[in-house]
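All values below come from the heavy atoms of this structure, side chains included, with hydrogens, waters and symmetry mates left out. Starting from 1, each residue takes its place in the sequence as its number. If you're wondering where the values come from, they're calculated on a predicted model, not measured in any experiment.
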Amino acid sequence: MPTNAVYLVAGLALLLAAVLPPVLTRYAVSAPMVLLVVGMAIGLAPLPDGLNLDPVDTRPVIQRVTEIAVLVALMGVGLALDRPFSFRDRSSWAAWSATWRLLAVAMPISIAAVALLGWSLGLSGAAALLLGAVLAPTDPVLAGDVQVSGPQVLDDADADVESAEEIDEEDEVRFALTSEAGLNDGLAFPFVYAGIFLAVKGPPSEWILRWAAWELVGKIVLGVAVGMVVGWGLAKVAFRAPRRALRLAEQGEPLLVLAALVTTYGLSEVVGGYGFLAVFACGMTLRTAERGHEYHATMHQVIENFERLLVLVVLLLLGTALTNGLLAPLDWRGVVIAVLLVFVVRPLAGLLSLNGWRHRPDASSGMTRPEALATAFFGVRGVGSLYYLAYGAGLYAFPEERWLWATVALAIALSVFVHGALATPVMRRLEVRRERFTA
């Protein structure tokens with residue numbers, strides 16, 4: 001493919017990224033599905049000389065690109081969630097009940113199930129645990145069709161406080177899936193480290209206490225604390241600074257959100273916390289300030305546009321790699337794991353977390369049975385899994401690395417097509433059902 005043709009393809013792809021979301025809203029086809037197919041078609045054409053799509057050779061590039069994509073998505077998710085959260089408010093904890101259940105029950109079950117499945121099919125214990133951790137987090141990047149659309153704001157930035165306090169999420173399914181994706185993309189880190197430690201340090205008895213104290217607890221606390229502090233400080237400046245020149249919200253300066261993202265991530269990583277959690281916490285903390293202000297919508301729009309561009313790049317390259325040897329190391333074991341993850345492991349783990357031993361979901365989850373089923377099923381896998389695999393494989397040279405890349409890529413592609421095709425009709429049916437019962 002000549003260089004000029006590359007520019008042409010890139011331009012057409014950008015046009016697709018701009019046109020697809022509004023065009024496909026009424027159809028059972030998602031933008032990620034189309035972009036992945038376009039990438040696969042590009043991969044069937046002769047590629048420019050020197051373009052290396054081998055994930056092992058290009059692992060550092062994959063890690064950085066996917067890292068940025070996930071960070072941007074996490075900030076967007078933090079800003080988009082309308083339901084506030086307070087550590088000191090018991091009712092706030094209850095309102096997030098579905099999220100805690102998905103994180104505390106569905107995620108560990110998914111990790112354990114995939115790890116045990118991989119181990120039983122011949123993977124080493126370390127590689128199986130890494131695979132479970134890599135495929136555990138749901139994705140805030142590719143799950144736009146089942147997530148909240150953005151922050152609600154009031155028409156008048158000076159509207160009364162009571163009106164702003166009434167802003168909340170109405171769709172429990174979208175809220176649960178969005179908040180879960182915002183948090184579990186950071187909570188996968190401890191289990192990635194567990195896989196690395198198992199490979200490098202040997203039996204769990206040699207490292208489990210240190211892992212639990214630091215990787216599982218310490219880094220999470222640090223990450224959340226850094227995100228909240230930075231978000232609180234920037235919100236104070238943007239909305240309530242003594243000098244008007246510093247009140248960026250009044251000026252509508254959207255670049256604050258990018259400054260917040262980079263600063264939060266950098267500071268969290270410097271002090272040793274999980275940067276992904278810090279960025280999400282920062283976004284949520286910013287969102288709690290002047291909740292009805294239109295500045296939140298302005299910042300979210302910037303993040304959304306940036307995210308759309310990154311999704312375009314990642315999906316086109318992934319699609320191109322799929323038809324250029326990425327799946328060559330795949331065998332029946334990888335197919336079994338990918339299929340079971342999408343159709344069995346996540347749905348059952350999600351349903352168990354929301355339903356438990358009861359015949360219907362607990363009332364405290366705020367969901368009807370159809371809503372619980374939808375939430376359990378739509379655990380979209382995506383860019384986060386690519387990042388974690390690149391990160392983990394960069395810390396230890398797993399002999400099964402190429403097979404891991406092929407399996408993860410297949411799981412992502414399967415998730416994109418299955419969840420993408422079902423998201424629109426299922427979410428539309430749930431909305432109709434909700435309107436019928438609230439009428």
To the nearest 0.5 Å, how far apart are [atom1] in [X] and [atom2] in [Y]?
{"X": "Leu116", "Y": "Ile111", "atom1": "CG", "atom2": "CD1", "result": "11.5 Å"}
{"X": "Leu36", "Y": "Leu322", "atom1": "CG", "atom2": "CG", "result": "6.0 Å"}
{"X": "Asp139", "Y": "Ile412", "atom1": "CG", "atom2": "CD1", "result": "7.5 Å"}
{"X": "Arg308", "Y": "Leu35", "atom1": "CZ", "atom2": "CG", "result": "10.5 Å"}
{"X": "Leu317", "Y": "Ile62", "atom1": "CG", "atom2": "CD1", "result": "8.5 Å"}
{"X": "Trp93", "Y": "Phe87", "atom1": "CH2", "atom2": "CZ", "result": "5.5 Å"}

With a 4.5 Å limit on heavy-atom distance, are the side chains of [X] and [Y] in contact?
{"X": "Met299", "Y": "Leu256", "answer": "yes"}
{"X": "Phe276", "Y": "Leu187", "answer": "no"}
{"X": "Arg244", "Y": "Gln251", "answer": "no"}
{"X": "Phe398", "Y": "Ile196", "answer": "yes"}
{"X": "Val408", "Y": "Leu131", "answer": "yes"}
{"X": "Phe377", "Y": "Val426", "answer": "no"}
{"X": "Leu130", "Y": "Phe191", "answer": "no"}
{"X": "Leu414", "Y": "His419", "answer": "no"}

[X] and [Y] ion-paired at < 4.0 Å:
{"X": "Glu250", "Y": "Arg247", "value": "yes"}
{"X": "Glu371", "Y": "Arg433", "value": "no"}
{"X": "Arg174", "Y": "Glu180", "value": "no"}
{"X": "Arg402", "Y": "Asp54", "value": "yes"}

Are more than 12 heavy atoms from other residues, nucleotides or ligands located less than 6.0 Å from atom [atom1] of [X]?
{"X": "Arg429", "atom1": "CZ", "result": "no"}
{"X": "Trp232", "atom1": "CH2", "result": "no"}
{"X": "Trp119", "atom1": "CH2", "result": "no"}
{"X": "Met228", "atom1": "CE", "result": "no"}

Could you pull out the closest heavy-atom pair between [X] and [Y], with the gap in Å?
{"X": "Ala281", "Y": "Val224", "value": "CB-O, 3.9 Å"}
{"X": "Ser110", "Y": "Val345", "value": "CA-CG1, 3.9 Å"}
{"X": "Gly334", "Y": "Thr407", "value": "CA-OG1, 3.5 Å"}
{"X": "Ser415", "Y": "Gly379", "value": "OG-O, 4.3 Å"}
{"X": "Val418", "Y": "Val342", "value": "CG1-CG1, 4.3 Å"}
{"X": "Thr58", "Y": "Leu53", "value": "OG1-C, 4.5 Å"}

Looking only at atom types and distance, does a side-chain atom of [X] sit under 3.5 Å from a main-chain N or O of [Y], one as donor and one as acceptor?
{"X": "Ser268", "Y": "Thr264", "value": "no"}
{"X": "Arg83", "Y": "Ala95", "value": "yes"}
{"X": "Ser385", "Y": "Arg381", "value": "no"}
{"X": "Arg59", "Y": "Gln63", "value": "no"}
{"X": "Glu253", "Y": "Leu255", "value": "yes"}
{"X": "Thr288", "Y": "Thr285", "value": "yes"}
{"X": "Trp207", "Y": "Lys201", "value": "no"}
{"X": "Tyr265", "Y": "Tyr274", "value": "no"}
{"X": "Asp82", "Y": "Pro151", "value": "no"}

For the ring pair Trp214 and Phe197, is the centre-to-centre distance below 6.0 Å?
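No.
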
Run the ring-ring contact (aromatic ring centres under 6.0 Å, His included) test on Tyr295 and His300 for me, step by step, so that the C-alpha distance in whole Å, both residues' side-chain angles and the decisive distance to 0.1 Å come before the verdict.
CA-CA 9 Å; Tyr295 188 49; His300 184 265; over 10 Å; no

Checking side-chain contact (heavy atoms from CB on, under 4.5 Å) for the pair Val237/Leu248: CA distance, chi angles, key distance, verdict?
CA-CA 8 Å; Val237 173; Leu248 299 180; 5.6 Å; no

For [X] and [Y], does a side-chain donor sit closer than 3.5 Å to a side-chain acceptor?
{"X": "Glu67", "Y": "Tyr391", "answer": "no"}
{"X": "Arg101", "Y": "Ser97", "answer": "yes"}
{"X": "Thr138", "Y": "Asn184", "answer": "yes"}

Criterion side-chain contact (heavy atoms from CB on, under 4.5 Å) against Val226, the qualifying member of Leu277, Val270, Leu267:
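Among Leu277, Val270, Leu267, the one that satisfies the side-chain contact (heavy atoms from CB on, under 4.5 Å) with Val226 is Leu267.
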
Please say which of Val262, Val279, Leu258 ends up in a side-chain contact (heavy atoms from CB on, under 4.5 Å) with Met75.
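So the option named by the test is Val279.
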
Leu81 vs Ser179, test: side-chain contact (heavy atoms from CB on, under 4.5 Å). Steps then yes/no.
CA-CA 7 Å; Leu81 286 171; Ser179 55; 4.1 Å; yes

The test is side-chain contact (heavy atoms from CB on, under 4.5 Å); show your working for Thr99 and Phe85 and say whether it passes.
CA-CA 12 Å; Thr99 306; Phe85 175 76; over 6 Å; no

Test ring-ring contact (aromatic ring centres under 6.0 Å, His included) on Tyr193 and Trp211; report intermediate values, then the result.
CA-CA 8 Å; Tyr193 281 118; Trp211 172 84; 9.5 Å; no

Kindly assign one of parallel, tilted or perpendicular to the pair Tyr387 and Phe189, based on the angle between their ring planes and the thresholds 30° and 60°.
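Perpendicular, since the angle between the ring planes exceeds 60°.
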
Should Val146 and Val173 be marked as a side-chain contact (heavy atoms from CB on, under 4.5 Å) after you check the CA-CA gap, both sets of side-chain angles, and the distance that decides it?
CA-CA 8 Å; Val146 294; Val173 175; 6.0 Å; no

